[in-house]
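Here the structure comes first, spelled out in structure tokens, and everything after it is commentary.
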Amino acid sequence: MASLMWFRRDLRLTDNPAWATATNHGPVTACFVLDPRLWTTAGPHRGPQLIAHLRALDRDLRIHGGRLLILEGDPVEVLPRAAGGYDAVFANRDVTPYALRRDRAIDGGVDVSWHDGSYVVPPGKVTTQAGDPYQVFTPFYRRWLEVDWPQWPPETAPAAVGSNPGSALPESAPPLMEGGEDAARRRLETFAGVVDGYPHLRDRPDLDQTSRLSADLKFGTLGPRTIIEALGTGTQGRDAFVRQLAWREFYAQILLARPDMARRALRPEYDRIEWENDESQFLAWTEGRTGYPIVDAGMRQLAAEGWMHNRVRMITASFLVKDLLVDWRRGERFFRHLLVDGDIPQNAGNWQWVAGTGADAAPYFRVFNPVTQSRKFDPDGDYIRRYVPELAGVAAPAIHTPWDAPGLELAAAGVTLGETYPLPVVDHAEARLRTLAAYEAARS
């Protein structure tokens, strides 16, 4: 009774319901389908990270005497052909629109045993009393904590694992982080040592005390239940972090109900906003040369590393939407292309939160002041210096507003505004008023 396990965004062998069930079924072949549509849109950082995780999964399978079978092509065509030699196929569900279309098409020709391995509670299982998806986080969170969480999967059985490696994986650039489940667990252990300070330190990009586990959740090298079991909720910091995991589940259940979440405002009146969409300003934002140091630091970190500190993600997103009046969808797509943890429900959900267009979003009139945010969360300017080296010689507080700094101080630091570092592309106070007017017009 041989079976086929189709790995997708669950690249681990523990706390993996589909894999555990497959190994209890009998001999199993582990496969991954390298889908050209997903591979070509993976971006410069997510692609290498995926390859690193696949290589690590293959090493883990070798311990069990097998290999990871790599198949190439459209899964709708490839998987039915591969499944012909097996009496069962196992996989974990996904909630992205593409995944749902793909999986429905595969269901037409392959009898797949579907499981839930990406979320603590399967999206769609936590609903209001009327059976609808929650639109506000806090009641969702309370209900999420109250429902019976699914039982852990059965113990993985010592099943024989197929040894055909299939196609060779593409060569790629070095990944942002070490690949595989063991490396992900080490990252979790590192974060466990600082998580108690999470409420106080998570907003400080200069200190970089966030978990960095978002990419592991994206690729499934760690399951969310594994993280919660390891950290618990026994301190304020641990409880606050579990709450962040619940936000991930909140956005997943919204995407399942609203597959157009990355294309349409969840509050439809905001699809009437008349965006400026100034191309030169959008380009300046993407390249980290807006003249606002905290914004530029974040965008340069994103380009170089495929990652950005969460507080800075909010600052840079707010700047694009609320200062430059550029459509949030353009920023969402740009982020998703570059982020190593780029994931539709989280990325689209958070962009709509910042834009004020989504579920439980920040009010439209809340506009982040990039200077205030910079002074508060990077007080000494260390984060700015790390990613905007041309300002490295400028002391705080001038580093947050170099356009207001004395000329002699800038000269001593080797800074010439408009030459070595740009002048601000907009005046924040004026931009804020323009944005509020555009939102108010859309609402009326």
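All residue numbers in this chain count up from 1 along the given sequence.
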(message) Between Arg9 and Asp343, does any side-chain N to carboxylate O distance fall below 4.0 Å?
(response) yes
(request) Start with the C-alpha distance between Asp107 and Trp114, add both sets of side-chain angles, then the distance that settles side chain to side chain donor-acceptor pair (under 3.5 Å), and finish with yes or no. (result) CA-CA 10 Å; Asp107 274 335; Trp114 295 106; 3.0 Å; yes
(message) If the threshold is 4.0 Å, N to carboxylate O, is there a salt bridge linking Arg225 and Glu229?
(response) no
(message) Measuring only between side-chain heavy atoms, which start at C-beta, is Trp307 closer than 4.5 Å to Thr210?
(response) yes
(request) Output yes when a side-chain donor or acceptor of Asp60 lies under 3.5 Å from a complementary backbone atom of Leu13, and no otherwise. (result) no
(message) Could you work out, with side chain to side chain donor-acceptor pair (under 3.5 Å) as the rule, every residue matching Thr357, not counting sequence neighbours?
(response) Gln352
(request) Go through Arg202 and Gln244 one step at a time and tell me if the side-chain contact (heavy atoms from CB on, under 4.5 Å) criterion holds. (result) CA-CA 11 Å; Arg202 66 178 178 177; Gln244 294 303 307; 3.2 Å; yes
(request) Measure from the side-chain N and O atoms of Lys322 to the backbone N and O of Leu436, and report whether any donor-acceptor pair falls under 3.5 Å. (result) no
(request) Among Gln301, His309, Arg204, find the one that has a side chain to side chain donor-acceptor pair (under 3.5 Å) with Tyr383. (result) Gln301
(message) Under the ring-ring contact (aromatic ring centres under 6.0 Å, His included) test against Trp144, which residue among Trp149, Phe250, Trp247 passes?
(response) Trp149
(message) Please check: side-chain N/O of Ser318 versus main-chain N/O of Ile315, any donor-acceptor pairing under 3.5 Å?
(response) no
(request) Look at Arg258 together with Asp260 and state whether they make a salt bridge at an N to O cut-off of under 4.0 Å. (result) yes
(request) Please tell me if the side chains of Leu391 and Arg385 come closer than 4.5 Å, counting only heavy atoms from C-beta onward. (result) no
(request) For residues 47-70, pull every pair meeting ring pair (Phe, Tyr, Trp, His ring centres under 6.0 Å), keeping only residues two or more places apart or in separate chains. (result) His53-Phe219
(request) Please determine if Arg289 and Asp296 form a salt bridge, counting it only when a charged side-chain N lies under 4.0 Å from a carboxylate O. (result) no
Exercise answer: donor-acceptor pairs, residues 186-193 side-chain atoms, under 3.5 Å, sequence neighbours excluded:
residue, atom, partner, partner atom, Å
Arg186, NH2, Glu178, OE1, 3.1
Arg186, NH2, Glu178, OE2, 2.9
Arg187, NE, Asp216, OD2, 2.9
Arg187, NH1, Glu178, O, 3.1
Arg187, NH2, Glu178, O, 3.2
Arg187, NH2, Asp216, OD1, 2.9
Arg187, NH2, Asp216, OD2, 3.4
Thr190, OG1, Arg186, O, 3.0

(message) Would you say CD of Gln236 has more than 12 non-hydrogen atoms from neighbouring residues, nucleotides or ligands within 6.0 angstrom?
(response) no
(request) Could you check Arg313, Arg336, Arg212 and say which one makes a salt bridge (Lys or Arg N to Asp or Glu O under 4.0 Å) with Asp341? (result) Arg313
(request) Establish, yes or no, whether a centroid distance under 6.0 Å links the rings of Tyr251 and Trp353. (result) no
(request) Give me the ring orientation class for Phe7 and Trp19: parallel if the planes are under 30° apart, tilted from 30 to 60°, perpendicular past 60°. (result) tilted
(message) Is the distance from the ring center of Tyr270 to that of Tyr439 below 6.0 Å?
(response) yes
Sequence neighbours excluded and cut-off under 3.5 Å, please list the side-chain donor-acceptor pairs for residues 26-39, or say none.
residue, atom, partner, partner atom, Å
Thr29, OG1, Tyr86, OH, 3.0
Asp35, OD1, Arg37, N, 2.9
Asp35, OD2, Tyr98, OH, 2.4

(request) Scan residues 124-146 for pairs that pass salt bridge (charged side-chain N to carboxylate O under 4.0 Å, His left out), counting only residues two or more places apart or in two chains. (result) Arg143-Glu146
(request) Please examine the side chains of Leu4 and Leu79, heavy atoms only from C-beta on, and report whether any two atoms are closer than 4.5 Å. (result) yes
(request) Assess whether side-chain contact (heavy atoms from CB on, under 4.5 Å) is satisfied between Val120 and Leu245, documenting all intermediate values. (result) CA-CA 9 Å; Val120 175; Leu245 294 177; over 6 Å; no
(request) Evaluate the criterion side-chain contact (heavy atoms from CB on, under 4.5 Å) for residue pair Ile294 and Gln373; output intermediate values, then yes/no. (result) CA-CA 8 Å; Ile294 191 71; Gln373 294 280 312; 5.6 Å; no
(request) Output all residues satisfying salt bridge (Lys or Arg N to Asp or Glu O under 4.0 Å) with Arg93, sequence neighbours left out; order by chain, then residue number. (result) Asp116
(message) With a 4.0 Å cut-off on N to O distance, would you call Asp382 and Arg386 a salt bridge?
(response) no
(message) Closer than 3.5 angstrom, by distance alone: can the side chain of Asp94 be matched with the main-chain N or O of Ala99 as a donor-acceptor pair?
(response) no
